[in-house]
Protein chains: 2
Amino acid sequence: MPENVFDLSALKVSCQRCSLRHLCLPNELTNGDVEKLDDLMERHSPLQRGEFLFRQGDRYRSLYVVRSGSFKTHHLHKDGTESILGFHLPGEIIGLTGLGNGEYHTSAIALERATICELPLHRLHYLAQLLPSLNEQLYKIMSNRITEDQEMLMILREHTAQERLASFVMSLAQRFKHRGFSSDNIVLSMTRQDIANFLGLTLETVSRTLAKLEKKGILGIERRNIHILDNDRLHKLSRASHDDPSGTDGDRKGA
Amino acid sequence: MPENVFDLSALKVSCQRCSLRHLCLPNELTNGDVEKLDDLMERHSPLQRGEFLFRQGDRYRSLYVVRSGSFKTHHLHKDGTESILGFHLPGEIIGLTGLGNGEYHTSAIALERATICELPLHRLHYLAQLLPSLNEQLYKIMSNRITEDQEMLMILREHTAQERLASFVMSLAQRFKHRGFSSDNIVLSMTRQDIANFLGLTLETVSRTLAKLEKKGILGIERRNIHILDNDRLHKLSRASHDDPSGTDGDRKGA
DNA sequence: CGCCGAATTGAGTCTATTCAAATGTGGTGG
DNA sequence: CCACCACATTTGAATAGACTCAATTCGGCG
């Protein structure tokens with residue numbers, strides 16, 4: 001790649017000049033505080049696709065922020081099956097779980113070539129004194145994370161396959177948009193199986209449902225590339241049953 | 001009940017003498033620190049069944065700890081339906097969501113007569129400086145909460161009605177046990193509808209499934225009272241499909 | 001005693017699953 | 001260049017678990 005504007009790993013990185021600054025830990029911090037934070041953070045060489053950032057059961061080391069690329073976190077059950085707990089885009093935090101008992105209870109895996117910033121645990125300990133505003137920021141981040149997980153709970157409990165997929169696509173689109181990327185042309189870095197696992201469906205159902213959304217003219221799908229053709233109808237599908245009783249699509253759930 | 005040993009609201013309460021001390025915020029704090037915390041906390045007169053502790057959309061006020069009784073938190077959708085996000089027993093924290101955007105995104109309702117302790121937000125702000133160990137404790141609590149929500153996600157995605165119910169009952173039993181109550185005789189303070197909503201099922205399915213567990217001799221059920229008759233089989237049912245491939249019960253999911 | 005909500009029980013339906021096979025894609029090596 | 005393999009994805013048919021609709025029972029309370 002001759003000119004990759006977003007390949008942050010090639011630059012001498014700093015929070016201050018990072019394009020993700022407003023999405024990430026430094027959000028809402030003063031310039032002086034960002035400078036202090038900068039000294040606490042560590043950077044590393046990129047991870048390749050499939051590489052582990054940490055493994056379930058590892059002693060808790062650090063809080064991580066995705067700088068480029070994407071990750072998935074998953075929990076491994078004793079019988080070998082896995083549960084995907086989330087996908088993580090640039091600017092998002094990995095490693096909020098595990099502070100409680102001192103070890104990660106999930107594994108984090110790069111879905112593509114990716115870079116991260118690291119905030120080691122031992123620095124977290126005196127961070128509250130050094131950077132009170134970052135301490136508050138961390139409270140907010142964790143609180144938001146709880147809220148997000150709870151929203152996911154609601155989606156899983158009350159939504160059909162179609163609604164889950166619609167929510168999933170919209171969520172990704174919004175997160176892309178928030179990062180300055182196109183919001184109606186998203187690239188999936190995960191497999192259908194990963195999506196199915198995350199949404200509590202089978203990969204067949206994901207495939208079928210995406211095909212159905214394509215046939216309706218709501219999405220354009222070519223392998224990992226998804227074009228959002230009709231945002232309004234997608235939005236209606238994603239939460240129609242709860243927040244918007246109207247609907248223009250033909251087939252609906254139930255009698 | 002003429003002599004209710006656990007009716008803490010009748011005592012002049014303090015964290016130091018509170019029987020919940022080791023379950024609650026003061027956990028792992030030194031005596032001196034608990035004394036400081038004591039000064040930050042506020043107590044109130046009891047709430048009656050059905051009373052709101054706070055409502056969705058209220059400006060964020062405080063972190064709450066259940067002292068006695070129980071609560072449910074739920075999110076109200078625009079169409080009037082509700083999603084129950086959790087049940088809260090003595091020693092458990094309410095109000096971790098909402099720190100992020102400054103307002104509660106759920107409502108908290110007493111399921112029975114209940115008392116709470118309150119830690120106002122404006123005190124949280126300087127708490128990090130005053131009580132560094134409590135600050136760390138709060139990180140742990142929030143981290144654990146994220147972990148719990150994620151475990152709930154896994155249950156909802158991969159478990160049948162029977163497995164969900166088994167997990168739910170076991171979770172309650174463990175939490176009761178942890179509080180010094182009987183672990184094989186639990187009293188439900190919530191309705192079947194609440195349980196169904198929480199587990200992503202219908203109340204009919206909850207009723208039927210509980211009946212099935214009773215017929216198997218695993219549970220004894222009389223209205224809101226549940227006796228755990230066969231803990232081993234209950235445990236197997238709750239997560240047999242993932243963490244324990246063996247099973248002694250007759251009917252299983254799938255082919 | 002009768003009302004009302006909570007809970008149980010029954011019958012039929014539907015969504016998503018399971019099992020199965022085919023298609024497509026990318027990479028490897030002859 | 002193309003055969004071949006591994007893997008992801010699509011598509012089809014049948015099954016099953018949970019849902020919806022509906023009626024009944026139970027229990028508390030005025």
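Lettering of chains follows the sequences in order, A, B, ..., and the numbering in each one begins at 1.
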Self-check item: Selected nucleotide, minimal atom distance to B/Thr202 side chain, candidates C/dT18, D/dG27, D/dT20
Solution: D/dT20
Distance, rounded to the nearest Å, where [X] contributes [atom1] and [N] contributes [atom2]:
| X | N | atom1 | atom2 | result |
| --- | --- | --- | --- | --- |
| A/Arg223 | D/dT10 | CZ | P | 8 Å |
| B/Glu158 | C/dT18 | CD | P | 11 Å |
| A/Gln193 | D/dC7 | CD | P | 14 Å |
| A/Arg157 | D/dA18 | CZ | P | 16 Å |
| B/Leu203 | C/dT9 | CG | P | 13 Å |
| A/Arg224 | D/dT10 | CZ | C1' | 14 Å |
| B/Leu201 | C/dT8 | CG | C1' | 16 Å |
| A/His159 | D/dC19 | NE2 | C1' | 17 Å |

Exercise. Find which nucleotide of DNA chain D each of B/Ala161 and A/Met190 is nearest to by heavy atoms, and output the residue with the more 5' nucleotide.
Key: A/Met190
Self-check item: CA sep, side-chain torsions, deciding dist, call: A/Phe87, A/Phe71, ring pair (Phe, Tyr, Trp, His ring centres under 6.0 Å)
Solution: CA-CA 6 Å; A/Phe87 302 108; A/Phe71 288 82; over 10 Å; no
Quiz prompt | Residue met sooner reading DNA chain C from 5', once B/Thr191 and A/Arg208 are mapped to nucleotides | solution = B/Thr191
Quiz item: Looking across every strand, which nucleic acid part, if any, lies under 4.0 Å from A/Arg164 by heavy atom: base, sugar-phosphate, or nothing?
Solution: nothing
Quiz item: Do other residues, nucleotides or ligands put more than 12 heavy atoms under 6.0 Å from the CZ atom of B/Arg55?
Solution: no
Self-check item: More than 12 heavy atoms of other groups within 6.0 Å of B/His227 NE2
Solution: yes
Practice problem: Look at B/Arg192 and C/dT8 and indicate whether a side-chain polar atom (N or O) is within less than 4.0 Å of OP1 or OP2. | Solution: yes
Quiz item: Does the side chain of B/Ser207 get closer than 4.0 angstrom to OP1 or OP2 of C/dA7 through an N or O atom?
Solution: no
Exercise. Kindly indicate, with the supporting measurements, whether the criterion side chain to side chain contact (heavy atoms under 4.5 Å, CB included) is fulfilled by A/Gln150 and B/His75.
Key: CA-CA 10 Å; A/Gln150 292 187 344; B/His75 180 85; over 6 Å; no
Self-check item: N/O donor-acceptor pair, side chain B/Glu204 with base D/dC21, under 3.5 angstrom
Solution: yes
Quiz item: When the ring planes of A/Phe181 and A/Phe176 are compared, do they come out parallel, tilted or perpendicular, using 30° and 60° as the limits?
Solution: perpendicular
